[in-house]
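Quick notes on the structure that follows.
These values consider heavy atoms only, across backbone and side chains, with no hydrogens, waters or symmetry-generated copies. The chains referred to below are lettered A, B, ... by the order of the sequence lines, with proteins before strands, and numbering in each begins at 1.
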Amino acid sequence: MNGETQVTVPTKTASGRPGAHLLVEGITVRFGGITALSDVTFEVPEGQVVGVIGPNGAGKTTLFNVVCGFTTAHEGRLSLDGAPFRPRPHRLTRAGVARSLQGVGLFPGLSVLENIVAGVGHSARTGFIAGLLALPSSDRDERDLRERAGVLVDELGLGDYVHASPSALPYAIGKRVALARTLISDPRLVLLDEPAGGLGHDDIAELAELIRGLPTRGSGCSVMLVEHHVDLVMQVCDALVVLDFGKVIAQGPPDQVRDDPAVTEAYLGAAVTDA
Amino acid sequence: MLDRLARHRLARHLLIAVVAGAGLVALTYALPPFRNYQLATMAAYLCATAGLTVLVGLSGQLSLGHGALMATGAYACALTSAELGDAGVTAPLLLLGPLVAAIVAAAVVGGVVGLAGARLHGPYLAGLTLTLTIVVPAITTTFADQLGGDQGLSVLVEPAPAGLGIAFPLERWQAWIACTAALLTMLLLANLTGSRFGRELRAVRDDEVAARLAGIDVGRTKVVVFVVSAAAAGLGGGILAVLTQSVSPGAFSLAFSLFLLMAVVIGGTGSLAGAVWGALLLVALPELTALLSDNLATSPRLAERLDGNLSLLVFGLVLIVVTIVLPTGLQGLFSSAAGRLRRPSRPSPVDLTHQPTTDTEPTDAQHTSTP
């Protein structure tokens, strides 16, 4: 158990833990007469990568939206590191949670560097007044941010693109910039929404390595990801949660989930049960 | 030395403001009184267009009510100056007090509209702000006893301080007041748009969902920028009241609000330098069209008809041509031309259209952290 041994290792974070522990308990969401999520329970343990998979319309995105606070659950609760967690989107980064969006989702009017810096959330200290008066503290803060962004730029190999406009970027680079924007707030829980969507084979291999490295990156983090690309999920995840029609139909280590008949049925139809 | 200066935004902006101020003072000595009065009017408009261009261009919120916000400032200025005058207050408080009141009043109204508008987008927000333009004149006629109805109010303005000499023309003094206000507005707005808050504005404009996930309180940001923009418009209105020494609802019609927006678009949406071009146009175009109608019209009746409508027509035509030919406005044209002359220097200002040439902001020290 890699995660277990890491708990005892002192880290630089104030909390001293490598990654957050997310607990999702009995989440139910209804849209009118449709139950999008029904009694969904699972956890993202500290420093682990948990994949949420399922056919289209299974409720994966709704689940993400609940964890981010875009959608409010009718029943059930969330807890982060054992404390009740009531997410609100603009306070997520403050709680140590960061989410990437489907597609690229960069700010088209900001340069690559500005996009990355924009992801820093609340950790920048100066506010409106300091900006209005251009106080030295706001300059200093800005330089700090850009330095932090510079580290990510180097790490993700984006050096050639810092001043480019997002519209001029190759798709795979855009996705990497989006990932950098997600990581700059030093999150303890990263939510990746279809990180491999639209990527080619080589890019996916690179991405897999990147995701595998996330739990040990910096002060450490846990990862929850929604993904269609089954190979990637099998490769990077410590555990899988399979959703179908809003219900958890299987969860556990990738190997075990892959052999679960219920999963095969959900993906391939009823043929398996007939056989 | 220059390098260190470039890294301190405040020092850089202050330097530009001081140089511009010195240039303006010299200009006021060179210009005849009427031109000084026009310069002062332009500076008053600039307060409003600068605030409006930040609102529209950077935060992506549309306002058709900035004329009404200027009116709010103008009336607050007039009422306060009457009160202070009755109380026997003299300059400089008799000038500063009303102007501060103008800023505060417009900021409060802007805050109310901004709070309501933070949940609205595009045409709905435009509709909301449009009601301001209709409500404010209605208020002035409803409370005619206090606000003077169609006649409006007069504003008490003291002549230039005696220290400047007895022969100091009032117009030059007015130009100084107005230009000081405009420079201060530009300085603060340049600081703000070059700061983290400016980046947050553009993030909100580009993608609200991503902005929220980036830790930005989208609603709060929209309200704050609306208040800032309204405060600038209020100051512009107050200055205008000081210049004309009167306020009346007719001066802040719907057409005026539309003119402000057009000026911002023609100058270059989101660009403070573009707001200068916009303010210049606001002062120059009526004069140009008056000249045009005088030369075009053969009969006095035709001239009279042309006079009222020609400026609207010309402004409209210019707007259409600029939107098609120069989506980044006049400032976009100038800065890309300047960029071509001395490449590869500063990037041109941010725009709404995401032209490949204009993707970064002009003021930030972003080159410092280039790997």
State, with a plain yes or no, whether a side-chain heavy atom of B:Leu192 is found less than 4.5 Å away from one of A:Leu132. yes

Shortest non-hydrogen contact from A:Leu101 to B:Leu213? CD2-CD1, 3.5 Å

Could you grab the distance from atom CG of A:Asp139 to atom CZ of B:Arg12, nearest 0.5 Å is fine? 8.0 Å

Can you tell me how far CZ of B:Arg199 sits from CG of A:Asn115, rounded to the nearest 0.5 angstrom? 10.0 Å

Has A:Arg217 got more than 12 heavy atoms of other residues, nucleotides or ligands less than 6.0 Å from its CZ? yes

How many angstroms lie between atom CD of B:Glu208 and atom NE2 of A:His90, to the nearest 0.5 angstrom? 13.0 Å

For A:Ala118 versus B:Ala214, what's the shortest heavy-atom pair and its separation? O-CB, 3.3 Å

In terms of heavy-atom contacts, does CD of A:Glu155 have more than 12 from other residues, nucleotides or ligands at under 6.0 Å? yes

Which atom of B:Asp206 lies closest to which atom of A:Gly109, heavy atoms considered: OD2-N, 2.5 Å

Do you know which two heavy atoms are closest between B:Arg9 and A:Ser138, and how far apart they sit? NH2-OG, 2.5 Å

After noting the C-alpha distance and the side-chain angles of A:Glu114 and B:Arg202, does the key distance pass the salt bridge (Lys or Arg N to Asp or Glu O under 4.0 Å) rule? CA-CA 10 Å; A:Glu114 287 180 308; B:Arg202 290 179 288 135; 2.9 Å; yes

Heavy atoms only: give me the nearest A:Gly105-B:Ala210 pair and the separation to one decimal. O-CB, 3.8 Å

Of all heavy-atom pairs linking B:Val228 and A:Phe128, the shortest is CG2-CZ, 3.5 Å

Could you walk me through whether A:Leu133 and B:Leu188 pass the side-chain contact (heavy atoms from CB on, under 4.5 Å) check? CA-CA 6 Å; A:Leu133 302 176; B:Leu188 292 179; 4.0 Å; yes

Can you tell which part of B:Val224 gets under 4.5 Å to a heavy atom of chain A, answering side chain, backbone, both or neither? side chain

Need one label for A:Arg181: side chain, backbone, both or neither, based on atoms under 4.5 Å from any heavy atom in chain B. side chain

